[in-house]
Amino acid sequence: MIAIDEEQQGAYNVLTYAEIEKHTHGVVLSVIIEAYTDNNKWNQEGVLSDKHVIRAAYDHEDLWRLGINPACFEDHVRERVNGDNPYAFLNALLSNSKCVNEIQVSLPVRHKKGFNGELYLRPYINTFYPVSVSLNGTDISGLFEDFDVFGHEIVQNATDALLGDFQFDLIDDFFGYVEQIKVNRKRLENAEYLTVGKPLNPDESQR
């Protein structure tokens with residue numbers, strides 16, 4: 001993990017960081033924004049309320065074209081995000097990827113008359129779904145209506161269902177939209193595979 005920023009926005013603690021995955025023909029850079037709050041319906045401390053992930057894939061030729069040695073990509077990113085304007089660097093880098101996918105997952109905020117919120121990270125929404133999920137600008141929240149069983153861990157589980165380690169076989173019997181979620185996940189995986197090949201395991205990544 002490469003730490004980029006941490007700040008307090010009202011009742012939310014907002015973390016920004018980057019992760020890098022090595023693949024057979026390149027790398028995938030993930031820029032991640034997470035917001036945590038104690039203000040939630042479960043009365044839990046530090047609940048993850050928002051997760052915004054931008055994944056950009058670069059094959060080796062892309063990196064050389066950008067003047068970056070693929071073997072030194074992580075060092076290059078780490079050095080630049082510790083500079084004066086990390087967001088300008090990240091925006092420029094993300095705009096030079098041929099394969100970018102963006103996932104936004106948030107706990108819903110329901111409007112109340114006279115309510116004036118302080119969080120600027122995410123839009124205020126009205127929804128009857130337990131979690132708001134957007135994939136490349138398309139609202140797919142309806143696929144996650146059964147995820148309320150995850151309680152205060154719903155944002156992380158919804159994100160993992162699209163991107164991370166998630167055991168679908170444990171929920172097939174009672175989750176109504178599992179197959180559609182898997183289809184979206186497979187599209188993301190295939191897009192990255194066509195660009196940079198398969199992810200390397202930890203032993204291969206060290207080489």
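- No more than 12 heavy atoms of other residues, nucleotides or ligands lie within 6.0 Å of CG in D84, so this atom counts as exposed by the packing criterion.
- A donor-acceptor contact shorter than 3.5 Å is absent between the side chain of D59 and the backbone of H25.
- Of the inter-residue distances, the one linking L162 atom CG with K186 atom NZ reads 14.0 Å to the nearest 0.5 angstrom.
- Judged as a side-chain hydrogen bond (donor to acceptor under 3.5 Å, both in side chains), and not counting sequence neighbours, the contacts of Q156 are K51, D160.
- A 6.0 Å sphere centred on CZ of F166 holds more than 12 heavy atoms belonging to other residues, nucleotides or ligands.
- The distance from atom CD1 of I154 to atom CG of N40, rounded to the nearest 0.5 Å, is 12.0 Å.
- In this structure, E74 CD and E19 CD are separated by 10.0 Å, a value rounded to the nearest 0.5 Å.
- Of all non-hydrogen atoms in P108 and V131, the two that sit nearest each other are CD-CA, 4.0 Å.
- For Q8, the CD atom counts as densely surrounded, since its 6.0 Å shell holds more than 12 non-hydrogen atoms of other residues, nucleotides or ligands.
- Side-chain N or O atoms of S49 include one that pairs as donor or acceptor with a backbone N or O of A35 at under 3.5 Å.
- Looking only at distances, no side-chain donor or acceptor of H152 sits under 3.5 Å from a matching main-chain atom of W42.
- Of all non-hydrogen atoms in C99 and T195, the two that sit nearest each other are CB-OG1, 3.4 Å.
- The distance from the CG atom of L135 to the CD1 atom of I103 is 5.5 Å, given to the nearest 0.5 Å.
- Using a distance-only test at 3.5 Å, with no hydrogens or angles considered, a donor-acceptor pair links the side chain of R185 to the main chain of G164.
- A191 approaches N101 most closely through the heavy-atom pair CB-ND2, 4.3 Å.
- The minimum heavy-atom distance between E7 and N13, with the atom names listed, is O-OD1, 3.4 Å.
- Side-chain contact of Y36 with E34: a donor-acceptor pair under 3.5 Å is present, judged by distance alone.
- Using a distance-only test at 3.5 Å, with no hydrogens or angles considered, a donor-acceptor pair links the side chain of T24 to the main chain of K198.
- A 4.5 Å side-chain heavy-atom check between R187 and V183 finds at least one atom pair inside the cut-off.
- Minimum interatomic distance between N82 and A3 (heavy atoms only, all atoms of both residues): OD1-O, 4.3 Å.
- Heavy-atom neighbours of E61 CD from other residues, nucleotides or ligands within 6.0 Å: at or below the threshold of 12.
- Looking only at distances, no side-chain donor or acceptor of S132 sits under 3.5 Å from a matching main-chain atom of V105.
- Contacts of F144 classified as ring-ring contact (aromatic ring centres under 6.0 Å, His included), with partners at least two apart in sequence or in another chain: F147.
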- Item | Audit row: L163, V53, side chain to side chain contact (heavy atoms under 4.5 Å, CB included) steps and yes/no | CA-CA 9 Å; L163 293 175; V53 183; 3.9 Å; yes
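- For Q180 (side chain) and N184 (main-chain N/O), no donor-acceptor pair under 3.5 Å exists by modelled atom type.
- Closest of all the heavy-atom pairs between D38 and G46 is OD1-N, 2.7 Å.
- Taken to the nearest 0.5 Å, the CG atom of L48 stands 13.0 Å off from the CD atom of Q44.
- Within the 4.5 Å cutoff, the side chain of N96 has heavy atoms near those of the R65 side chain.
- Checked by atom type, the side-chain pair S141/D139 shows a donor-acceptor distance below 3.5 Å.
- Here the CG atom belonging to D62 is positioned 13.0 Å from the CH2 atom belonging to W64, to the nearest 0.5 angstrom.
- The neighbour count for E79 CD, taken as heavy atoms of other residues, nucleotides or ligands under 6.0 Å away, does not exceed 12.
- Taking hydrophobic clusters as Ile, Leu, Val, Met, Phe, Trp and Tyr residues chained together by side-chain heavy-atom distances below 4.5 Å, V178 shares a cluster with F150.
- Hydrophobic clustering of Ile, Leu, Val, Met, Phe, Trp and Tyr side chains at less than 4.5 Å, counting indirect connections, unites L188 with V133.
- When hydrophobic residues (I, L, V, M, F, W, Y) are linked wherever their side-chain heavy atoms come within less than 4.5 Å, the members clustered with L93 are I2, I4, I20, V27, L29, V31, I54, Y58, L63, L66, I68, F73, V77, V81, Y87, F89, L90, L94, V100.
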- Message: If you apply the rule salt bridge (Lys or Arg N to Asp or Glu O under 4.0 Å), what do you find for R55 with E21, and how did you get there?
- Response: CA-CA 10 Å; R55 289 175 64 87; E21 298 173 11; 3.1 Å; yes
